[in-house]
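See structure below.
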2 protein chains.
Amino acid sequence: MDSDRSYGHFCMLAKTLERLGDRWALLVVRDLLLGPKRFTDLMDRMSGITPRTLTRRLRELEADGVVEVDREAGRREVWYRLTPAGHQLQSALGELLLWGLRNVPERPGPDEPVHPEHILRALQLQLESEHVNGGSLDTAVHVPGTGDYRLVADGPQWDLRAEDPNEGPADVTITATRSALVPFLTTSSPRVPAAAGVEIDGKASAIRAFLNAIEAFPLAPAGHSEQGL
Amino acid sequence: MDSDRSYGHFCMLAKTLERLGDRWALLVVRDLLLGPKRFTDLMDRMSGITPRTLTRRLRELEADGVVEVDREAGRREVWYRLTPAGHQLQSALGELLLWGLRNVPERPGPDEPVHPEHILRALQLQLESEHVNGGSLDTAVHVPGTGDYRLVADGPQWDLRAEDPNEGPADVTITATRSALVPFLTTSSPRVPAAAGVEIDGKASAIRAFLNAIEAFPLAPAGHSEQGL
DNA sequence: CTGGATCCATGATGATACTG
DNA sequence: CAGTATCATCATGGATCCAG
């Protein structure tokens, strides 16, 4: 009967991990950082999770004040979103992701499921941590059927968010399918949008600025020389 | 045979959590951040872990390049220490600990094992995140039989490290047993060192500066008014 | 004594199928 | 769409034992 999964230490890191250390828990938070999602939205992004486990994580995160549930009477959909405390996990997740970018040698397998949000988050953090100055570049990334995003630079700061449907035009607009966007972003330069099945619109100078900025996103393992040239 | 604990996503956060997401893994890193430790040192700090689990975590962290093992022929002790990649986890652990300090309402149970290192780490992060200006205050914390530490301020920066045995004197020296130090630090002011069984030495002005600085360490849940006065 | 290994019990998670 | 139900497997905890 003693299902005591707590560490029983007086250490706030241990107590934090009691709440967030279960498998999939931080990935739920990751996928809610860009906005509320439905159960099936989360299932999509976390391929491999079973509905039972996702249900349990959501209930636990709700009990711990990280996630809120929005059930409206007479509506099928249930929306999950982060509480303010949940949003405060953004910097911790950012540090973990950056550590992975710099210390995990593994690179994408040819058939690994990948969601644009996860690549774009890595891109944003890499640009910010490398202090790439993006001026005031506002880039829209459209992935039909999956989602529309904005990657907005303010000097060396980079922000990633979901695009508001009735938002003004961006300086650069990238349109690509899921399967085309990922190789384009994860392959080292020279990047040739057209050849990769990626469409880029905008003023030539803005497009050049964007392509130049993302040169700082070499997802190849550090310490590898460019062999593919 | 398919013990595939990987998420199988192309997301560097997921790949990070494949390495660090197992139970106890980040607590091993936490306890190695202040310097190399032996197997039994780690067992002490992580009360509740079984030797089998600790062994497995250490082997896995070693395989992932986070921990290094130092086995010298003809010596009983085996020392474990962080690799440079392991040290780079400090900021991520710091963010998680800060989240806990601000969002986990639980406070220490009367009989929860607690190690001074864990409290001192929380104190350091809290002072730094609150931008408490400590001037050039150098504080030694001596816990006989457990360890000696230095909490060194450089303006708003606070550093915690193990004390070097042949190091010069500090501005303030705190000497206390494990059982006396923790209540002293975790109880809100007014703190009365003598009454708490804590000895503080140093110039009166330095002692005042230290006691003033740690006023910013209210481990009581946020939003509680001071009842104990 | 330190640094583990062994054996068993159990809870957490995965696979698959099904339902309001 | 948002879960539940059932069964199988694996990771972890508890206790004990062992080698240098």
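Computation of the quantities below employed the complete heavy-atom set of this structure, encompassing side-chain atoms and omitting hydrogens, waters and symmetry-equivalent molecules.
- Taking side-chain N and O atoms only, A/W24 has no distance below 4.0 Å to OP1 or OP2 of C/dA12.
- The listed nucleotides are D/dG13, C/dG14, D/dG3; the one nearest the side chain of A/P51 is D/dG3.
- Summarising the geometry, the separation between CZ on B/R52 and P on D/dT12 is reported as 10 Å, rounded to the nearest angstrom.
- Atoms CG (A/L42) and C1' (D/dA2) sit 11 Å apart, rounded to a whole Å.
- Atom CG in A/L54 sits roughly 17 Å away from atom P in C/dA12 (whole-Å rounding).
- For B/R5 and C/dT13, the shortest distance from a side-chain N or O to OP1 or OP2 is not below 4.0 Å.
- Using a 4.0 Å heavy-atom distance criterion, B/R23 is classed as a sugar-phosphate-only contact.
- Set against D/dA2, D/dT12, C/dA5, the side chain of B/R57 has D/dT12 as its closest nucleotide.
- Judged by distance alone, the side chain of A/T40 and the main-chain N or O of A/M43 form no donor-acceptor pair under 3.5 Å.
- Atoms CE (A/M46) and P (D/dG3) sit 13 Å apart, rounded to a whole Å.
- In this structure, A/R56 places its CZ atom 6 Å from P of C/dT13, rounding to the nearest Å.
- The closest side-chain donor-acceptor pair between A/R23 and A/T53, if any, does not fall under 3.5 angstrom.
- Ring-plane geometry between B/H115 and B/Y149 is classed as perpendicular, the angle between the planes exceeding 60 degrees on a 0 to 90 degree scale with a lower cut at 30.
- Ring planes of B/H9 and A/H118: parallel class, angle under 30° (limits at 30 and 60°).
- If you take CE of B/M43 and C1' of D/dT12, they are 13 Å apart, rounded to a whole angstrom.
- Direction of the helix axis in the helix from C/dC1-D/dG20 to C/dG20-D/dC1 shifts by 40° between the two five-pair termini, rounded to 10°.
- B/D171 places a side-chain N or O within 3.5 Å of a backbone atom of B/D138 that can act as its donor or acceptor partner.
- Look at B/T40 and you'll find a side-chain N or O under 4.0 angstrom from OP1 or OP2 of C/dG3.
- A salt bridge between B/E60 and B/R5 is absent, with no side-chain N of the basic residue lying under 4.0 Å from a carboxylate O of the acidic one.
- Within the 4.0 Å cut-off from OP1 or OP2 of D/dG13, at least one side-chain nitrogen or oxygen of B/T53 is found.
- The closest side-chain donor-acceptor pair between A/H142 and A/E199, if any, does not fall under 3.5 angstrom.
- Put simply, CG on A/D22 is 10 Å from C1' on C/dT13, counting in whole angstrom units.
- Counting to the nearest Å, the P atom of C/dT19 and the CZ atom of A/R76 are 16 Å from each other.
- Judged by closest nucleotide on DNA chain D, A/V78 is the one of A/Y7 and A/V78 placed further toward the 5' end.
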